[in-house]
K.L.:
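Mind looking over this structure? Questions follow.
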Amino acid sequence: MATNELAMMVFGRKKHNGNPRGKRGQMEILGMTVIVVFIALGIFFIVQYNLSKKPGETRKVYTQAEMSSNMASALITTTAKDCRHADFLDIMVDCADYYPIGSIVCKTESIAGVPYDNMSCEYLNYTLRYIFNQTLDTWHTSYQFNISTYQGSSIQAIYGLANGDCTGQKRSGQYFFETRTRGTMVIKLDICD
Amino acid sequence: MIMKRKAQIRMSESIAILFVFFILVVFGFIFYSKIEARNFELQKGQVQDLRAVEVAQTFSFLPEIQCTKENVATSNCFDIMKLEALQEYIGESLQNEDKYYDKLLRSSIVVKEIYPSPGNSWTIYNKSNFAWTRKIATQIPISLFNATGDPSSGEPSRYYFGALEVEVYS
């Protein structure tokens, strides 16, 4: 009696055990439940997609693209302070040609009274380290900077510098130059997310 | 008597359903307004970001400061003499500064030399003297061209490494 009343309240009709009409009602409720679950899941995914959108994408893309291309191009045109007015591209090419020391004597220092020549590769090493430290490191930007030469199938890494994790998305600035003896020199800067 | 009870049960059932329905409507409305508010903030942030990019781009391509070689502009390079002239012109009067307002908006633009003399910097434009709620900073590496070199020691013209720092306020 009590179950019949409850069934009447919920379904609007009396419960009939084994009755096909009662079974059909149960199926309808099951169908409705499935539809509600699908709609809830759909709303959940839409909301999650909306919430996962992060602001600042446009600027990030612009900044990273500008950084990668401008940094490399500005570097190669910069005139070295104390390296016979050579620009960094000349020093890089010289270092690539005469790796691992270089042939240009950038400056001669006196260490404990003994004259010491800073050759192009060493000069390049500490100057680039300084420039990257003052820019991308200070701006907390993850990057990978590489200078390498390609001649046939042989690849020679000339210089490499990195900061942070670079496994995700990245934007690259690449420049190609011809060396005298080592084939093509590639200067590549990846700015990472 | 039984009919009266039935009617009471139906009425309380309808009231309960209406109550649940309105609660769901209220929850839905709160949820929707929260999402909309977030979307609005996102769009606002995006517009501000675009404005920051626009200011940085506009300044980078100002003919007043770009390096030129045989009348051809070099991208990503500022001539130091032109920078100093522009700094002097904008700093001369508010009218001059206002001439750049439609291009540079509420921002501050500083060009810094990083190598070889890290102390040198030029504040070209500064409109930060108001109450702002958000600041977007963009840094771009650039070349700085010293056309005169060092006449005293007979050094030729040279390129320095620098950075353009643009801060846009809103």
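Just the heavy atoms: all of them, side chains too, but no hydrogens, waters or symmetry mates, feed the values below. Chain letters run A, B, ... following the sequence lines, proteins first, then strands; residues in each count from 1.
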K.L.:
So do the side chains of B:Tyr115 and A:Lys81 get within less than 4.5 Å of each other, counting heavy atoms only?
P.N.:
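They are in side-chain contact.
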
K.L.:
Treating Ile, Leu, Val, Met, Phe, Trp and Tyr as nodes and any side-chain heavy-atom pair under 4.5 angstrom as an edge, say whether A:Met119 and A:Tyr123 lie in one connected cluster.
P.N.:
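Not linked; separate clusters.
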
K.L.:
Has the side chain of A:Thr79 got a donor or acceptor atom that lies under 3.5 Å from a matching backbone atom of B:Tyr159?
P.N.:
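Checking the backbone N and O of B:Tyr159 against the side chain of A:Thr79, a donor-acceptor pair under 3.5 Å is found.
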
K.L.:
Determine, using the 4.5 Å side-chain heavy-atom cutoff (strictly less than), whether A:Leu124 and A:Tyr98 are members of one ILVMFWY cluster.
P.N.:
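Different hydrophobic clusters.
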
K.L.:
In terms of heavy-atom proximity below 4.5 Å to chain A, should B:Phe161 be classed as side chain, backbone, both, or neither?
P.N.:
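Its backbone and side chain both get close to chain A.
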
K.L.:
When clusters are formed by joining ILVMFWY residues with side-chain heavy atoms under 4.5 Å apart, either directly or through shared neighbours, do A:Ile104 and A:Phe177 land in the same one?
P.N.:
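No, it is not one cluster - the side chains of A:Ile104 and A:Phe177 are not joined through contacts under 4.5 Å.
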
K.L.:
What distance separates B:Glu113 CD from A:Gln134 CD, expressed to the nearest 0.5 Å?
P.N.:
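Answer rounded to 0.5 Å: 12.0 Å.
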
K.L.:
Is there a donor-acceptor contact under 3.5 Å from the side chain of B:Asn76 to the main chain of A:Asn70?
P.N.:
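It does hold such a pair.
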
K.L.:
Heavy-atom cut-off 4.5 Å, strictly under: side chain, backbone, both or neither for B:Ala137 against chain A?
P.N.:
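When you check distances to chain A, only backbone atoms of B:Ala137 fall under 4.5 Å.
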
K.L.:
Quick one, A:Trp139 and B:Pro141 - any side-chain contact, counting heavy atoms below 4.5 Å?
P.N.:
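Touching, per the 4.5 Å side-chain cut-off.
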
K.L.:
Give a yes or no on whether A:Lys107 atom NZ has more than 12 heavy-atom contacts from other residues, nucleotides or ligands under 6.0 Å away.
P.N.:
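Yes, NZ of A:Lys107 has more than 12 neighbouring heavy atoms, counting only those of other groups under 6.0 Å.
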
K.L.:
Measure B:Glu54 against the heavy atoms of chain A and call it side chain, backbone, both or neither at under 4.5 Å.
P.N.:
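Contact with chain A: none, neither part.
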
K.L.:
In terms of heavy-atom proximity below 4.5 Å to chain A, should B:Phe145 be classed as side chain, backbone, both, or neither?
P.N.:
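Interface part for B:Phe145: neither.
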
K.L.:
Looking at B:Phe29, I want to see if its CZ is surrounded by more than 12 non-hydrogen atoms of other residues, nucleotides or ligands under 6.0 Å.
P.N.:
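Open.
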
K.L.:
Quick one: what part of B:Ile114 sits under 4.5 Å from any heavy atom of chain A, side chain, backbone, both or neither?
P.N.:
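It is both, since atoms from each part get that close.
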
K.L.:
Assess, by modelled atom type and distance only, whether the side chains of B:Ser143 and A:Thr77 contain a donor and an acceptor separated by less than 3.5 Å.
P.N.:
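There is such a pair between these side chains.
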
K.L.:
Chain A heavy atoms under 4.5 Å from B:Gln57: which part of the residue, side chain, backbone, both or neither?
P.N.:
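B:Gln57 touches chain A through backbone and side-chain heavy atoms alike.
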
K.L.:
Is B:Tyr32 atom OH crowded by more than 12 heavy atoms from other residues, nucleotides or ligands, each under 6.0 Å away?
P.N.:
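Not more than 12 within 6.0 Å, no.
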
K.L.:
How far does CD of B:Gln139 sit from CE of A:Met67, to the nearest 0.5 angstrom?
P.N.:
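So the CD of B:Gln139 and the CE of A:Met67 are separated by 5.5 Å.
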
K.L.:
Kindly check if the number of other-residue, nucleotide or ligand heavy atoms within 6.0 Å of CD (A:Glu178) is above 12?
P.N.:
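Enclosed.
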
K.L.:
Kindly check if the number of other-residue, nucleotide or ligand heavy atoms within 6.0 Å of CZ (B:Phe130) is above 12?
P.N.:
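Above 12, so yes.
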
K.L.:
Below 4.5 Å from any heavy atom of chain B, which atoms of A:Thr141 appear? Answer side chain, backbone, both or neither.
P.N.:
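Contact with chain B: none, neither part.
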
K.L.:
Using 0.5 Å steps for rounding, measure from the OH atom of A:Tyr62 to the CG atom of B:Asp49.
P.N.:
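A:Tyr62 OH to B:Asp49 CG: 12.5 Å, rounded to 0.5 Å.
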
K.L.:
Transitively linked via ILVMFWY side-chain contacts under 4.5 Å: B:Trp122 with B:Val166?
P.N.:
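Cluster IDs for B:Trp122 and B:Val166 match.
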
K.L.:
Side chain, backbone, both or neither: which part of A:Ala72 has a non-hydrogen atom closer than 4.5 Å to chain B?
P.N.:
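Neither part, no heavy atoms under 4.5 Å.
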
K.L.:
Just how far is it from atom CD1 of B:Ile142 to atom CE of A:Met71, taken to the nearest 0.5 Å?
P.N.:
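Between B:Ile142 CD1 and A:Met71 CE, I get 12.0 Å after rounding to 0.5 Å.
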
K.L.:
Could you check whether atom NZ of B:Lys112 has more than 12 heavy atoms from other residues, nucleotides or ligands sitting under 6.0 Å from it?
P.N.:
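No, not enclosed.
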
K.L.:
Same cluster for B:Tyr169 and B:Leu105 if Ile/Leu/Val/Met/Phe/Trp/Tyr side chains link at under 4.5 Å?
P.N.:
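In one cluster: no.
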
K.L.:
Could you tell me which portion of A:Leu75 (side chain, backbone, both or neither) has an atom closer than 4.5 angstrom to a non-hydrogen atom of chain B?
P.N.:
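Both parts, backbone and side chain.
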
K.L.:
Is the number of heavy atoms from other residues, nucleotides or ligands under 6.0 Å of B:Ile35 CD1 greater than 12?
P.N.:
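Yes, CD1 of B:Ile35 has more than 12 neighbouring heavy atoms, counting only those of other groups under 6.0 Å.
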
K.L.:
Do you know which of A:Asp87, A:Thr127, A:Ile131 has the most heavy-atom pairs with chain B at a distance under 4.5 angstrom?
P.N.:
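Highest number of pairs under 4.5 Å: A:Ile131.
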
